Amino acid sequence: SSYTVAESSMEWLAILVAVILAFAFLQRKPSKKSRESTADEDFDDIEDEWIVTNYQWGTSHREAGWVALKGGSDVLVAGFARRGGKNLLELLRPGESVLELEREPTNPTDESAIGVYFRATGHSERALIGYIPSTLSGDIAAEFEPGLPLSPELRRTGFKQDSDAAFMVINVLVPNASDREQYIKK
């Protein structure tokens, strides 16, 4: 069978992401502070410790009638550092990378879990990079039917040079009120 350049580059991307994640997992250090809460609580004083990048990314969703879900602004992606987040930040490029949200009703730990995935534009392979905090995903599952479209808007990322510590903050976007009305549980 013939082997195309596109198939080769997708295969190399998948291998690269897998190697980075495996290396980061093996090199990780235990965190002294849980990063499972919201960004506002944990990162009030980040300028001294963290190298932070703020983004104006995802505006196309806003122009298309998407809005931040109530309680879905400045959401810290749980588990990002444990999944090699610091190394993934090097691959994250606006216009070249895509973040996606996906409900995981078969997740053995939490049936209301919402995974945050990363993939390079033009590629079908993606990597799980964290989760929406369970309090927010539980609220979404309780209020909305499973078909509700969800989209992440990257707000800010950060890392420490002398450790594996890293974070990602997103907004959880949903269609405007009239378009999401059909998904409200009755």
Side-chain angles (χ1 to χ4, degrees), residues 10 12-58 61 68-69 71-104 107-110 112-137 140 150-173:
M10 289 187 332
W12 278 106
L13 175 66
I15 292 169
L16 176 65
V17 169
V19 168
I20 289 171
L21 291 173
F23 180 77
F25 179 77
L26 293 173
Q27 298 298 319
R28 70 187 169 111
K29 297 174 188 166
S31 173
K32 293 181 181 176
K33 185 175 183 181
S34 171
R35 298 276 184 223
E36 301 291 324
S37 57
T38 64
D40 292 338
E41 295 172 11
D42 289 333
F43 299 111
D44 288 336
D45 211 10
I46 58 178
E47 289 81 20
D48 296 335
E49 300 178 37
W50 297 85
I51 296 172
V52 177
T53 303
N54 292 302
Y55 294 90
Q56 296 295 322
W57 205 24
H61 290 302
L69 181 68
S73 294
D74 290 329
V75 174
L76 183 67
V77 175
F80 181 70
R82 287 190 300 271
R83 288 178 177 78
K86 185 174 181 180
N87 293 321
L88 280 171
L89 291 177
E90 295 176 18
L91 301 174
L92 192 62
R93 304 276 187 276
E96 298 175 24
S97 307
V98 175
L99 295 177
E100 300 171 343
L101 297 178
E102 182 179 309
R103 284 182 162 181
E104 298 182 353
N107 185 305
T109 306
D110 180 4
S112 67
I114 298 174
V116 180
Y117 291 84
F118 165 84
R119 71 177 171 84
T121 300
H123 297 279
S124 60
E125 294 85 16
R126 61 186 191 158
L128 176 68
I129 60 172
Y131 286 92
I132 299 300
S134 60
T135 52
L136 180 58
S137 64
I140 291 169
L150 300 169
S151 182
E153 177 182 58
L154 184 62
R155 299 290 295 144
R156 107 183 122 262
T157 59
F159 66 94
K160 289 185 176 183
Q161 285 194 11
D162 59 345
S163 76
D164 291 334
F167 72 90
M168 176 182 282
V169 175
I170 64 172
N171 287 341
V172 177
L173 302 182

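In what follows, every heavy atom counts, from backbone to side chain, and hydrogens, waters and symmetry copies are set aside. Predicted model, so just to flag it, every value in this text is computed and none were measured.
- The CZ atom of Arg119 sits 14.5 Å away from the CG atom of Leu91 when rounded to the nearest 0.5 Å.
- Across Gln161 and Ile51, no two heavy atoms sit closer than the pair NE2-CD1, 2.9 Å.
- Under the 4.5 Å side-chain criterion, counting only non-hydrogen atoms from C-beta, Phe80 is not in contact with Thr157.
- Between Leu101 and the choices Ile132, Leu173, Ile140, the side chain to side chain contact (heavy atoms under 4.5 Å, CB included) rule is met once, by Ile132.
- For the pair Leu128 and Gly115, the tightest heavy-atom approach, listed with the atom from each and the gap, is CD1-CA, 3.9 Å.
- Expressed to the nearest 0.5 Å, how far CG of Leu89 lies from CE of Met168 amounts to 6.0 Å.
- Here the side chains of Leu99 and Phe118 are in contact, with some heavy-atom distance below 4.5 Å.
- For the atom pair OH of Tyr131 and CG of Asn107, the computed distance is 5.0 Å after rounding to the nearest 0.5 Å.
- With hydrogens and angles ignored, the 3.5 Å screen pairs no side-chain donor or acceptor of Lys160 with any backbone N or O of Glu49.
- Under a 3.5 Å cut-off, the side chain of Ser137 and the backbone N or O of Ser112 do form a donor-acceptor pair.
- Scanning both residues, Arg126 and Glu100, for their nearest heavy atoms gives NH1-OE1, 2.9 Å.
- When side chains are defined from C-beta on, Ile114 counts as touching Arg103, because their heavy atoms get closer than 4.5 Å.
- Heavy-atom minimum distance, Arg155 versus Ile170: CG-C, 3.8 Å.
- Counting only heavy atoms from C-beta outward, the side chains of Arg156 and Asp74 approach each other to under 4.5 Å.
- Looking at Leu136 and Leu69, their side chains come closer than 4.5 Å, going by heavy atoms from C-beta outward.
- What you find for Gly130 and Arg83 is that their closest heavy atoms are N-CD, 3.7 Å.
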